[in-house]
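Note sheet for the following structure.
Proteins get letters first, then strands, A, B, ... in listed order; numbering begins at 1 in each.
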Amino acid sequence: MVRVRFAPSPTGHLHIGGARTALFNWLFARHHNGKFILRIEDTDRSRSTEEYIESIIEAMKWLGLDWDEGPFRQTERMETYKAYAYKLLEEGKAYRCYCTPEELEERRQQAMKEGKPPRYDRRCREIKETLNKPFAIRFKMPLEGETVVDDLVKGNVTFKNSEIEDLVILRSDGTPTYNFCVVVDDFEMKITHVIRGEDHLNNTPKQIHIYHALGMNPPAFAHIPMILGTDRARLSKRHGATSVLSYRDEGYLSEALVNFLARLGWSYGDQEIFTREELIKYFNLEQVGKANAVFNAEKLLWLNSEYIKLMPEEKLFELVTPFLIKEGYLKESETVDTGWACRAIKSLKERCRTLKELAHAMRYYLLDYVEIEPKAKEKYINAETIPILREITEQLEALEEFTQERIEKIFMDMVNEKGLKLGQVAQPVRVVMTGSTVSPGIYEVLEIVGKEKTLKRLRRVIGAS
RNA sequence: GGUCCCAUCGUCUAGCCAGGUCGAGGACGUAGCCCUCUCAAGGCUAAAACACGGGUUCGAAUCCCGUUGGGACCGCCA
């Protein structure tokens, strides 16, 4: 039985990199009919917050990454780690270190200055007696030999044991450190595959030794490449929006984000668009690449637009409503006819890349009047076009059946009678109706806006001139 | 600085493990054309890459070595 976990630390919102790690784990679990466990690594009490835990959970839910066990919290398991740490101490596999953090920091700076590796010098390792001073517990790494990490993505990676430092496993305040907790937790939670970012690859030999010292078998490891920003540095806040929830708030669909994230570092031939079922069916570690990937925001936007095109109008209406309210195009108490809203959305969906864009475009269907862009106004609403607009207004006023077909006939008749080009009529009307020179087909727009609002807007323009 | 990882179009990538079918395929983006009431969508076309140098081999994007370049880690953070 495959058991994997996603173990974020609640020191920030769930970001793009973390989300992809979570997704790969989730996909791997679902593909193998295994279990996906959520574990909150909150041993850093000073930086972890409840707010971030909630935010991470919200993001996971939004992405549809459901977990089978947890969320477990390391802070609830402090006594367990402590017991294991003291077990190692008693067995002579770890030792008390009386160096203070200040001293260590000083030595580290000194070493850096001298160009030496800034590693702990193991000075407390040989102290036999127990001193009456505050201490941290350090793990005794083997001094010689090699450790091989058999990584499912990277292959065999070999480390010299002499390069691995005696890491602190229990702080002087009695709290355990990350590298120790993961080992204990992954063992106790019976994790079979640890799939995590490549930034943890260098930690792996340390963890392997801890497993062995504790008499445990290490799980399989898979280190997936990093996600980089456009400047090729690891993706961070500097690169703009990196939190998953900010993509939700910007009008991205979770399906699109999931699809995008899946293709960052993993591929299935030439296929770009996958349903969630396909992702589960095809996902494997063999097809995960080794090279880091740059986050390509343009491609995400394209994928999002593809998903918007594929999504039924009813569903889009449901998703776009909060944006409509937020933008003030719709009052919270206001109800709109769903059939009508769907027609409106259908006319716009292939022109919008995000829900936010869709909401914005819908303003000219919902509002009574729209603001007209100055440039468009100057070009299309002037002495030349006013007579045309007046004429079309009269024609439309007389129209009983306010449908696309009838509206089109009015436009065409007028164009034919006056020897005009369609654009000479359509563009001014478009500008009056939508405030811009860009919109869906003008007959469709008029029908959806409806006779009443159409005439209102036209009259205001021709009257004002 | 040390250790570790990585290297195909600007970007995501297929191909690499089992060398020949690769004069390197797809996608995003870019440019042009078609369609057209505008903008999209759609269709067609184009420019665009095997980092470099050595081997091995009849033959290398694919295997080996080196160089260069990029990334990560080196905490009583996770």
With a 3.5 Å distance limit and no angle check, can you tell me whether A:Thr434 reaches the backbone of A:Val431 through a side-chain donor-acceptor pair?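 Here the side-chain-to-backbone pair does not exist.
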For [N], give the paired nucleotide (Watson-Crick: N1-N3 plus N6-O4 or O6-N4; G-U: N1-O2 and O6-N3; both under 3.5 Å), or none.
N     : result
B:C28 : B:G10
B:A72 : B:U3
B:C35 : none
B:U67 : B:A51
B:A40 : none
B:C16 : none
B:A60 : none

[X] side-chain proximity, nearest of [options]:
X        : options             : value
A:Arg232 : B:G75, B:U11, B:U13 : B:U11
A:Pro118 : B:G1, B:A78, B:A14  : B:G1
A:Asn296 : B:G2, B:C73, B:C28  : B:C28
A:Ala291 : B:A7, B:C37, B:C76  : B:A7
A:Arg430 : B:G71, B:C37, B:C76 : B:C37
A:Val438 : B:A41, B:C74, B:U38 : B:U38
A:Glu41  : B:C37, B:G42, B:A78 : B:A78
A:Asn292 : B:U3, B:A78, B:G71  : B:G71
A:Gln427 : B:G15, B:C37, B:G26 : B:C37
A:Val294 : B:C4, B:U11, B:A14  : B:U11

For [X], which contact category applies under a 4.0 Å heavy-atom criterion: base, sugar-phosphate, or nothing?
X        : result
A:His200 : base
A:Phe159 : sugar-phosphate
A:Thr437 : base
A:Leu170 : nothing
A:Leu264 : sugar-phosphate
A:Gly265 : sugar-phosphate
A:Asn179 : base
A:Ser172 : base
A:Thr100 : base
A:Pro225 : nothing
A:Lys421 : nothing

Test A:Ile208 against every option in A:Val149, A:Asp150, A:Val183 by the side-chain contact (heavy atoms from CB on, under 4.5 Å) rule and name the one that passes.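 Result for side-chain contact (heavy atoms from CB on, under 4.5 Å) with A:Ile208: A:Val149.
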Salt bridge (Lys or Arg N to Asp or Glu O under 4.0 Å) involving A:Arg276 - partner list, sequence neighbours excluded: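 Partners of A:Arg276 under the salt bridge (Lys or Arg N to Asp or Glu O under 4.0 Å) test: none.
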State which residues pass salt bridge (Lys or Arg N to Asp or Glu O under 4.0 Å) with A:Asp199; sequence neighbours excluded, sorted by chain then number.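 Residues passing salt bridge (Lys or Arg N to Asp or Glu O under 4.0 Å) with A:Asp199: A:Arg234.
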Take a 6.0 Å sphere around CD of A:Glu278 and say whether it holds more than 12 heavy atoms from other residues, nucleotides or ligands.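 Yes - once you tally the heavy atoms of other residues, nucleotides and ligands closer than 6.0 Å, there are more than 12.
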Spacing of the [atom1] atoms in [M] and [N] (rounded, Å):
N     : M     : atom1 : value
B:G53 : B:A61 : P     : 12 Å
B:C50 : B:U45 : C1'   : 25 Å
B:A40 : B:A49 : P     : 28 Å

Sequence neighbours left out, what passes side-chain hydrogen bond (donor to acceptor under 3.5 Å, both in side chains) with A:Arg457? Give chain and number order.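 Checked A:Arg457 against side-chain hydrogen bond (donor to acceptor under 3.5 Å, both in side chains); zero matches.
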Determine whether a donor-acceptor pair (one donor, one acceptor, N or O, separation below 3.5 Å) exists between the side chain of A:Glu272 and the base of B:G26.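 Looking at the base of B:G26, it does pair with a donor or acceptor on the side chain of A:Glu272 (distance under 3.5 Å).
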Under the 3.5 Å rule, do the base of B:C6 and the side chain of A:Lys290 count as making a donor-acceptor pair?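 Answer no: no donor N or O sits under 3.5 Å from an acceptor.
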Please list, in numerical order, the residues of [range] that have a heavy atom closer than 4.0 Å to any atom of RNA chain B.
range                       : answer
residues 345-359 of chain A : A:Glu350, A:Arg351
residues 77-85 of chain A   : none
residues 145-158 of chain A : A:Lys154, A:Val157, A:Thr158

Under the ring-ring contact (aromatic ring centres under 6.0 Å, His included) rule, collect the residues that match up with [X], sequence neighbours excluded.
X        : result
A:Phe274 : A:Trp266
A:Phe260 : A:Phe295
A:Tyr268 : A:Tyr282
A:His200 : A:Tyr178

Does the pair A:Arg119 and A:Glu165 meet the rule for a salt bridge (charged side-chain N to carboxylate O under 4.0 Å, His left out), with working shown? CA-CA 6 Å; A:Arg119 204 179 299 131; A:Glu165 82 170 339; 5.5 Å; no
Whole-Å distance between [N] [atom2] and [X] [atom1]?
X        : N     : atom1 : atom2 : answer
A:Arg47  : B:G75 : CZ    : P     : 15 Å
A:Asn203 : B:U3  : CG    : C1'   : 12 Å
A:Lys299 : B:U30 : NZ    : P     : 14 Å
A:Arg20  : B:C12 : CZ    : C1'   : 12 Å

Taking only residues two or more places apart in sequence or in another chain, which ones pass side chain to side chain contact (heavy atoms under 4.5 Å, CB included) with A:His13?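 A:His13 satisfies side chain to side chain contact (heavy atoms under 4.5 Å, CB included) with A:Tyr52, A:Ser55, A:Ser243 only.
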Could you list the residues that satisfy side chain to side chain contact (heavy atoms under 4.5 Å, CB included) with A:Leu420, not counting sequence neighbours?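 Scan of A:Leu420 (side chain to side chain contact (heavy atoms under 4.5 Å, CB included), adjacent residues dropped) gives A:Ile388, A:Lys418, A:Gln424, A:Val425.
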So that I know where these two stand, are A:Tyr443 and A:Phe411 an aromatic pair - ring centroids less than 6.0 Å apart?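 Yes, the ring centres sit under 6.0 Å apart.
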By nearest heavy atom, map A:Arg138 and A:Trp266 onto RNA chain B; which one lands nearer the 5' end?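 Result: A:Trp266.
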Report the residue from A:Lys93, A:Arg125, A:Arg138 that forms a salt bridge (charged side-chain N to carboxylate O under 4.0 Å, His left out) with A:Asp166.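 With A:Asp166 as partner, salt bridge (charged side-chain N to carboxylate O under 4.0 Å, His left out) holds for just one option, A:Arg125.
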